[in-house]
Amino acid sequence: MKLQGDRVLLRPLAESDVARIVELGADPEVERWWRGLTPEHVRAKARGGDDGVVAFAIVVDDEVAGMIQHYEETDEEFRHAGIDLFLGAPYHGRGLGTDAVHTMARHLIDDLGHHRLVIDPAAHNERAIRCYEKVGFRRVGILRRYWLDGDGVWRDGLLLDLLAGELTDRDAK
């Protein structure tokens with residue numbers, strides 16, 4: 001399934017995308033947040049691994065610019081979906097991440113029927129947090145010592161969520 005945003009196209013990650021995703025992920029500006037984007041890891045994502053994560057290439061002007069993925073909690077008492085993504089450094093600061101998150105959120109709400117979405121960036125990743133808040137995500141709380149950074153230091157994460165009715169209109173971005 002392809003998902004068309006205003007400026008991005010989200011399409012299922014393919015094995016032919018592996019080298020490009022690894023290349024984008026090797027940039028220090030990306031790697032500081034997304035470690036472990038090895039060919040094997042990305043290839044497993046493209047094959048649909050057994051972890052329940054569904055990965056898409058973020059395509060801008062016919063070029064792979066990054067990756068976005070989602071997972072679903074299907075237990076009816078806690079049903080929701082989560083999103084994670086990165087864009088290569090040359091694509092930062094252009095509103096493309098906002099469009100990608102909005103496009104994926106719309107799919108998860110409208111097509112897959114989720115009433116609540118979550119996202120959990122590093123608490124000090126201000127660029128990502130601004131992006132998610134533009135889409136309508138709200139801060140829920142700090143996840144203390146949530147992820148291990150590249151220097152071996154446990155860092156806080158920020159949990160944000162979005163209820164279906166809070167998704168911003170594209171024109172509001």
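Inter-residue side-chain proximity for L148 and V153 is flagged as unmet; no heavy-atom pair is nearer than 4.5 Å. Taking 4.5 Å as the limit, some side-chain heavy atom of Y71 sits within range of a side-chain heavy atom of H80. V101 places a side-chain heavy atom less than 4.5 Å from the side chain of L85. Between F56 and I68 there is a side-chain heavy-atom pair separated by less than 4.5 Å. Looking at heavy atoms from C-beta onward, L37 lies in side-chain contact with M67 at the 4.5 angstrom threshold. Side-chain contact between L158 and L143 is absent, with no heavy-atom pair separated by less than 4.5 Å. Side-chain contact between I21 and L13: present, with at least one pair of heavy atoms (C-beta onward) separated by less than 4.5 Å. Side chains of Q69 and I83 form no contact here, defined as non-hydrogen atoms less than 4.5 Å apart.
Within a 6.0 Å sphere centred on CD of E15, other residues, nucleotides and ligands contribute more than 12 heavy atoms. No more than 12 heavy atoms of other residues, nucleotides or ligands shown are found within 6.0 angstrom of CZ on R145. In the displayed structure, D61 atom CG is contacted under 6.0 Å by at most 12 heavy atoms of other residues, nucleotides or ligands.
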| said: Please evaluate residues T98 and V135 with respect to the criterion side chain to side chain contact (heavy atoms under 4.5 Å, CB included), reporting the C-alpha separation (whole Å), side-chain torsions for both, the decisive distance (0.1 Å), and the verdict. | reply: CA-CA 6 Å; T98 303; V135 175; 3.9 Å; yes
| task | Show your working on side chain to side chain contact (heavy atoms under 4.5 Å, CB included) between K134 and T168 and close with a plain yes or no. | result | CA-CA 7 Å; K134 285 179 189 176; T168 61; over 6 Å; no
| said: One pair to check against ring pair (Phe, Tyr, Trp, His ring centres under 6.0 Å): H124 and W33. What are the steps and the verdict? | reply: CA-CA 10 Å; H124 62 286; W33 311 114; 5.1 Å; yes
| message | Run the side chain to side chain contact (heavy atoms under 4.5 Å, CB included) test on E72 and H70 for me, step by step, so that the C-alpha distance in whole Å, both residues' side-chain angles and the decisive distance to 0.1 Å come before the verdict. | response | CA-CA 7 Å; E72 296 181 82; H70 73 78; 4.1 Å; yes
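Here the CD1-SG distance, from I119 to C131, works out to 7.0 Å after rounding to the nearest 0.5 Å. Taking CG from L167 and NE2 from H102, the interatomic distance works out to 4.0 Å, rounded to the nearest 0.5 Å. Rounding to the nearest 0.5 angstrom, the gap separating the CZ atom in R116 from the CD1 atom in I109 is 12.0 Å. Here CG of L87 is found 10.5 Å from CH2 of W34. Values are rounded to the nearest 0.5 Å. Here the CG atom belonging to L163 is positioned 8.5 Å from the CG atom belonging to L117, to the nearest 0.5 angstrom. We find the CZ-NZ distance between R43 and K45 to be 14.0 Å, quoted to the nearest 0.5 Å.
Under the 3.5 Å distance criterion, the side-chain polar atoms of Q4 are matched with a main-chain donor or acceptor of V8. In this structure a side-chain-to-backbone donor-acceptor pair under 3.5 Å is present from R94 to P90. Checked by atom type and distance alone, the side chain of D99 pairs as donor or acceptor with a backbone atom of R7 at under 3.5 Å.
Closest non-hydrogen pair, E31 versus G25, comes out as CB-O, 3.4 Å. Scanning both residues, V30 and G88, for their nearest heavy atoms gives CG2-CA, 4.0 Å. Across all non-hydrogen atoms, the minimal contact from V64 to L24 is O-CD1, 3.7 Å.
Comment: E133 does not engage R138 in a salt bridge, judged by the lack of any side-chain N to carboxylate O separation of less than 4.0 angstrom. Ion pairing between R155 and D149 holds under the 4.0 Å rule for side-chain N and carboxylate O. Between D17 and R11 there is a salt bridge, since at least one side-chain N of the basic residue sits less than 4.0 Å from a carboxylate O of the acidic one.
Using a 4.5 Å cut-off between side-chain heavy atoms of Ile, Leu, Val, Met, Phe, Trp and Tyr, with links allowed through other members, L108 and M1 fall into the same hydrophobic cluster. In the hydrophobic clustering of ILVMFWY residues, with side-chain heavy atoms under 4.5 Å counting as a link, W154 and Y146 come out apart.
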